[in-house]
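Here is the structure we will look at, set down as structure tokens.
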Amino acid sequence: MSDMFCFQCEQTAHGTGCDTSGVCGKKPATALLQDQLTGALITLAQAIESGKAQPTADTHRLFLEGLFTTVTNVNFDDASITKLIERVHDVYTKLCGLPAPADFVLPNLWLENEDIRTLKTLILLGLRGISAYAYHALELGYTDDEVMAFFAKGLAAVGNSTATQDELLPLALETGKANYATMELLDRANTETYGTPEPTEVSMQIEPGPFIVISGHDLHDLKLLLEQTEGTGVSVYTHGEMLPAHAYPELKKYPQFKGHFGTAWQNQQKEFVDLPAPVLFTTNCIMPVRDSYADRIFTTAVVQYPGMTHIAADKDFSPVIAKARELGGYKETYQGHGINGGTKLLTGFGHGTVLGVADTVVGAVKSGAIKHFFLVGGCDGAKPGRNYYTEFVKQTPADTVVLTLACGKYRFNDLDLGEIGGLPRLMDMGQCNDAYSAIRVAVALSEAFECGVNDLPLTLVISWYEQKAVAILLTLLYLGIKNIILGPSLPAFVSPNILNFLVENFGIAPISTPEEDLARALA
């Protein structure tokens, strides 16, 4: 018996599960409500799968909002989660013509056979990750009927007490397929709305005057903020996963869109202390807010934290702008820098850019100028051991290329690794959802060399933290990509038998040391 149980993130307590309070700051009461919300969504999904209810567009949005709310470091506000549970119950009653039954008790999932529990957890956490990407696409008016139908199918399976391993294993891979379709959809939504990302140098220097820092992943919220700050004298700077936004032509055209503040999400409690500006959180990852900067934190969409000002669906950011003017910003230029001391960051190397110079890349490989590609990306975090990724990238030979994405890049994205044939050795492909770009590039290279992706001189070195990374990992497995190096630690929710299956069939291995892993990859 414990106050709570949660093992969905990489930093989970003791490497087994948080049972008294979440390492993310989640309290037991909040964890229970999130379990109840998940249970309510499962109950609704089972009604849809059994034919008792026909889903609507509102039902689809509810699945996305509900699952996204339970992703790590998104929502700590009990009142808002309770309202979501009530919404699910109301929708169930409306669609089924009956009162919602007693909630599916999610903790029963942890009492399953460990292999069944592993597969159900992979599906559930994968769906949570997919919900984030699908939510961003939906905000831009893009949706996929097959993906939306899969949410009900997947959740219903998680709640099925008679599901077998033979049924759940292909469903876990189907979760990866659904995520691939969702990432492709979001890529199309972003590029058709904001243009194809282009290589862009971004300064970490903050100019004097009032400004707003925007964090998270949602480009739609950023666009609205840029529209509302036009002509106000208030500048906008990105934080965390918002960095790649600087590469989109339709966003970078705003003159008040200046540069980037800070490093990865886990450093916010230190970096926000003396920040003379408000911070707007559009998605994860918000950490427990400290009193020293609580008056400067604003949330919107599914992100909520008790006591913080929440910008509702009308997206009126005037309170954020007013706070920026009140605080006034820095009096003199603030010399920001990355974790290794760099002052500028380079982003914008999505598949559109890289494949635009595919002939150059292929020629460099054929001539021997490029010997190997490394995809080093994923989530960052506070747990010791993540300096591995910094050292790994530093030690990559000069005739290799490092592709990166997501916030894990903040361990090394301010390093100057030089160039190969006019191309930078370090290329930032974007946010976590831009793993789609990396896959597109890998497939294009395999076609150019008439070989399989697993035959390319390519090594994937992945850092994971939360559920979006789980969804991406399932996508890589669905695509049959092998020999992934994963860390800093392996997921606590994976049983020995399932881990052995992944090792034998996909060659997944934990990180060791940069030297050993580099030697093995280059051999």
Side-chain angles (χ1 to χ4, degrees), residues 133 173 176-188 190-191 196-197 199 244 347-366 368-378 389 392-393 396-397 399-406 408-409 420-421 423-464 468-469 471-486 502 505-509 517-518 520-522:
Y133 302 142
L173 295 179
K177 177 183 178 181
N179 185 58
Y180 184 69
T182 305
M183 291 193 299
E184 183 178 26
L185 178 73
L186 181 54
D187 177 83
R188 180 158 53 87
N190 285 338
T191 54
T196 300
T347 190
F349 290 90
H351 63 86
T353 295
V354 177
L355 295 182
V357 293
D359 290 344
T360 302
V361 175
V362 171
V365 174
K366 287 182 175 179
I370 296 177
K371 291 288 201 310
H372 205 89
F373 294 89
F374 294 98
L375 174 61
V376 186
Y389 298 95
F392 186 97
V393 170
T396 54
D399 56 4
T400 63
V401 170
V402 178
L403 306 174
T404 189
L405 48 80
K409 62 176 169 273
I420 298 180
L423 298 173
R425 281 193 55 226
L426 177 59
M427 300 185 194
D428 175 15
M429 308 193 82
Q431 297 180 340
C432 51
N433 52 280
D434 291 313
Y436 174 74
S437 274
I439 293 169
R440 279 285 303 274
V441 169
V443 170
L445 287 175
S446 69
E447 291 172 351
F449 291 108
E450 299 181 346
C451 67
V453 171
N454 292 314
D455 299 316
L456 289 170
L458 169 67
T459 302
L460 278 66
V461 186
I462 306 298
S463 57
W464 81 283
K468 289 186 284 184
I472 292 171
L473 180 61
L474 290 175
T475 293
L476 296 175
L477 299 182
Y478 157 72
L479 294 171
I481 295 176
K482 298 182 178 182
N483 302 318
I484 300 167
I485 304 173
L486 184 64
L502 295 176
N505 290 273
F506 296 96
I508 286 183
D517 290 340
L518 271 169
R520 190 179 304 113
L522 294 173

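Only heavy atoms go into these numbers, but all of them, side chains included; no hydrogens, no water, no symmetry mates.
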Do you know which two heavy atoms are closest between [X] and [Y], and how far apart they sit?
| X | Y | result |
| --- | --- | --- |
| Y478 | L173 | CB-O, 3.5 Å |
| L458 | A442 | CD2-CB, 4.0 Å |
| S437 | G350 | OG-CA, 3.7 Å |
| V362 | F449 | CG1-CZ, 3.9 Å |
| G408 | S463 | CA-OG, 4.3 Å |
| P244 | K409 | CG-NZ, 4.2 Å |

* To do: Return yes when atom CG of D359 has more than 12 non-hydrogen atoms of other residues, nucleotides or ligands closer than 6.0 Å, and no otherwise.
  =>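 Open.
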Hey, what do you get for [atom1] ([X]) to [atom2] ([Y]), rounding to the nearest 0.5 Å?
| X | Y | atom1 | atom2 | value |
| --- | --- | --- | --- | --- |
| L476 | K482 | CG | NZ | 13.5 Å |
| R440 | D187 | CZ | CG | 7.0 Å |
| T404 | M427 | OG1 | CE | 12.0 Å |
| L405 | I472 | CG | CD1 | 7.0 Å |
| F506 | L479 | CZ | CG | 10.0 Å |
| N433 | L185 | CG | CG | 11.0 Å |

* Asked: Only one of T396, T459, T400 forms a side chain to side chain donor-acceptor pair (under 3.5 Å) with H372, so which one is it?
  ->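 Testing each of T396, T459, T400 against H372, the sole residue satisfying side chain to side chain donor-acceptor pair (under 3.5 Å) is T459.
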* To do: For L460 and N483, run side chain to side chain contact (heavy atoms under 4.5 Å, CB included): C-alpha distance rounded to whole Å, both residues' side-chain angles, the deciding distance at 0.1 Å, then the answer.
  => CA-CA 7 Å; L460 278 66; N483 302 318; over 6 Å; no
* To do: Not counting sequence neighbours, which residues clear side chain to side chain donor-acceptor pair (under 3.5 Å) with T191? List them please.
  =>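 Checked T191 against side chain to side chain donor-acceptor pair (under 3.5 Å); zero matches.
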* With sequence neighbours excluded, what pairs up with T475 under the side chain to side chain donor-acceptor pair (under 3.5 Å) test? ->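 With neighbours one apart ignored, the set is N179.
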Give a yes or no answer on whether the side chain of [X] reaches the backbone of [Y] with a donor-acceptor pair at less than 3.5 Å.
| X | Y | answer |
| --- | --- | --- |
| Y180 | L474 | no |
| N454 | G480 | yes |
| T196 | T353 | no |
| R425 | P397 | yes |

* Would you say the side chain of L456 lies within less than 4.5 Å of the side chain of C451, judging by non-hydrogen atoms? ->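 Yes. Closest side-chain heavy atoms under 4.5 Å.
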* **Test side chain to side chain contact (heavy atoms under 4.5 Å, CB included) applied to L403 and F349, step by step** => CA-CA 9 Å; L403 306 174; F349 290 90; over 6 Å; no
* Residues L473, L486; criterion side chain to side chain contact (heavy atoms under 4.5 Å, CB included); working and verdict -> CA-CA 10 Å; L473 180 61; L486 184 64; 4.1 Å; yes
* Under the ring-ring contact (aromatic ring centres under 6.0 Å, His included) test, which residues partner F373, sequence neighbours left out? ->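 Per chain and number, F373 pairs via ring-ring contact (aromatic ring centres under 6.0 Å, His included) with no residue.
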* Asked: Would L477 and N505 count as a side chain to side chain contact (heavy atoms under 4.5 Å, CB included) if you check the C-alpha gap in whole Å, the side-chain angles of each, and the deciding distance to 0.1 Å?
  -> CA-CA 10 Å; L477 299 182; N505 290 273; over 6 Å; no
